[in-house]
Amino acid sequence: MRQLEGAYALIFKSPHYPNELIACKRGSTLILGVNEVSDQNSAKSFQNVKSLTTNGNPREFFFSSDLCAIVEHTKNYLAIEDNEIIHIKDGSVSILKFDKEKEKPASVQRALSVLEMEVEQIKKGSYDHFMQKEIHEQPHSLTTTMRGRLKDSGVVLGGLKEHLKTLRRSRRVIFIGCGTSYNAALAARPFVEELTGIPVTMEVASDLLDRQGPIYREDTAVFVSQSGETADTLLALEYALEKGALCVGVTNTVGSTLSRKTHCGIHINAGCEIGVASTKAYTSQIVVMAMIALAIGSDQLSTQPRRESIITGLSSLPSMKNWINDLPCSQTKCRFTITI
Ligand SMILES: N[C@@H]1[C@@H](O)[C@H](O)[C@@H](COP(=O)(O)O)O[C@@H]1O
């Protein structure tokens, strides 16, 4: 593992070691799902290798790069970290962590997380395609994005509260993302500049890395990613962290690498997006960035009427169902031309 370069998520099985499995990762995502951990006391940790067996019966384990893939089987999961090795043998699990300084890996204890997602979210229901379903879900996804956050007097963003002062002092806001997430940030840029008075620059994550573009301690880097796992976006995050910028995440995926590694952030709460071309996440991302702009600019008296009118506009968005029903993509015989 120490000699491997680049990003990877690997699982090893060998006929020479039946009932054993080794898994490790760097950069890429690897989730371990553990089924039927009904004993609450033993479910809390992986330290004791016996804790995952009851009456000597082995548990079921699932490895996946995406939390959506395990929700049908279990809600208990562990997001494997870089430099960790998971060893499963005869139904028991142990975790070893490599440290650059030390020769030998150390055994570590990790808590299981509980997935907050329902199986219905990954079913197509009466729709032919996930993308079609997700387009029609927008009145609901926008409602959940704004729920509890939008007040008459302003916005409440718990994830940013502690960092608002630093954000206001930023010399510049840099939006960083890929694909549709980048485009959501591009759409949000005008009102972020208008409401905050802070200059906003845009970066496609891969381009920033290729150029090793300048980032400073006084910058706030906002990383936008539906999955929270796009490799280029995560590499750009590492780069910005090294440069000392305040790193904010805007993601749809609780427990994702982006949400774990940024200093603070906002979950867009749009619900699982399975369609490869992003739809409902795009609209929720824009709404979240509008709310971030409202929160940063909330200390400016001169923009108060404008903020109030934006809040009124945002609140009425979910009830504007017609704009979804009128879209050409809601017709059955429709041809999509999409750039992804
Ligand atoms: N086709 C997808 C896009 O829909 C998505 O916008 C982009 C970034 O993904 P994410 O938002 O998860 O970082 O990846 C791919 O290009």
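Counting convention: from 1, in listed order, for ligands and their atoms alike.
Contacts of Asn183 classified as side-chain hydrogen bond (donor to acceptor under 3.5 Å, both in side chains), with partners at least two apart in sequence or in another chain: none.
Residue Ser225 places at least one N or O, backbone or side chain, under 3.5 Å from an N or O of ligand 1. Between Thr230 and ligand 1, at least one pair of N/O atoms sits closer than 3.5 Å. Annotation: Gly179 places no N or O atom under 3.5 Å from an N or O atom of ligand 1; distance criterion only.
Counting heavy atoms of neighbouring residues, nucleotides and ligands inside a 6.0 Å radius, atom OH of Tyr127 exceeds 12 of them. More than 12 heavy-atom neighbours from other residues, nucleotides or ligands sit within 6.0 angstrom of CZ on Arg172.
If you number the atoms of ligand 1 from 1 as listed, the ones under 4.0 Å from a heavy atom of Ser278 come out as 4 (O). Near Ser181, meaning under 4.0 Å from one of its heavy atoms, ligand 1 places the atoms 6 (O), 10 (P), 11 (O). Atoms of ligand 1 found under 4.0 Å from any heavy atom of Ser227, numbered from 1 in the order shown, are 10 (P), 12 (O), 13 (O).
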### Message
Would His267 and Thr251 count as a side chain to side chain contact (heavy atoms under 4.5 Å, CB included) here? Give the steps.
### Response
CA-CA 5 Å; His267 287 116; Thr251 181; 3.8 Å; yes

Expected list for residues 284-296: side-chain donor-acceptor pairs under 3.5 angstrom, two or more places apart:
| unit_1 | atom_1 | unit_2 | atom_2 | d |
| --- | --- | --- | --- | --- |
| Ser284 | OG | Thr145 | OG1 | 2.8 |
| Ser284 | OG | Lys280 | O | 3.4 |
| Gln285 | NE2 | Ser181 | OG | 3.0 |

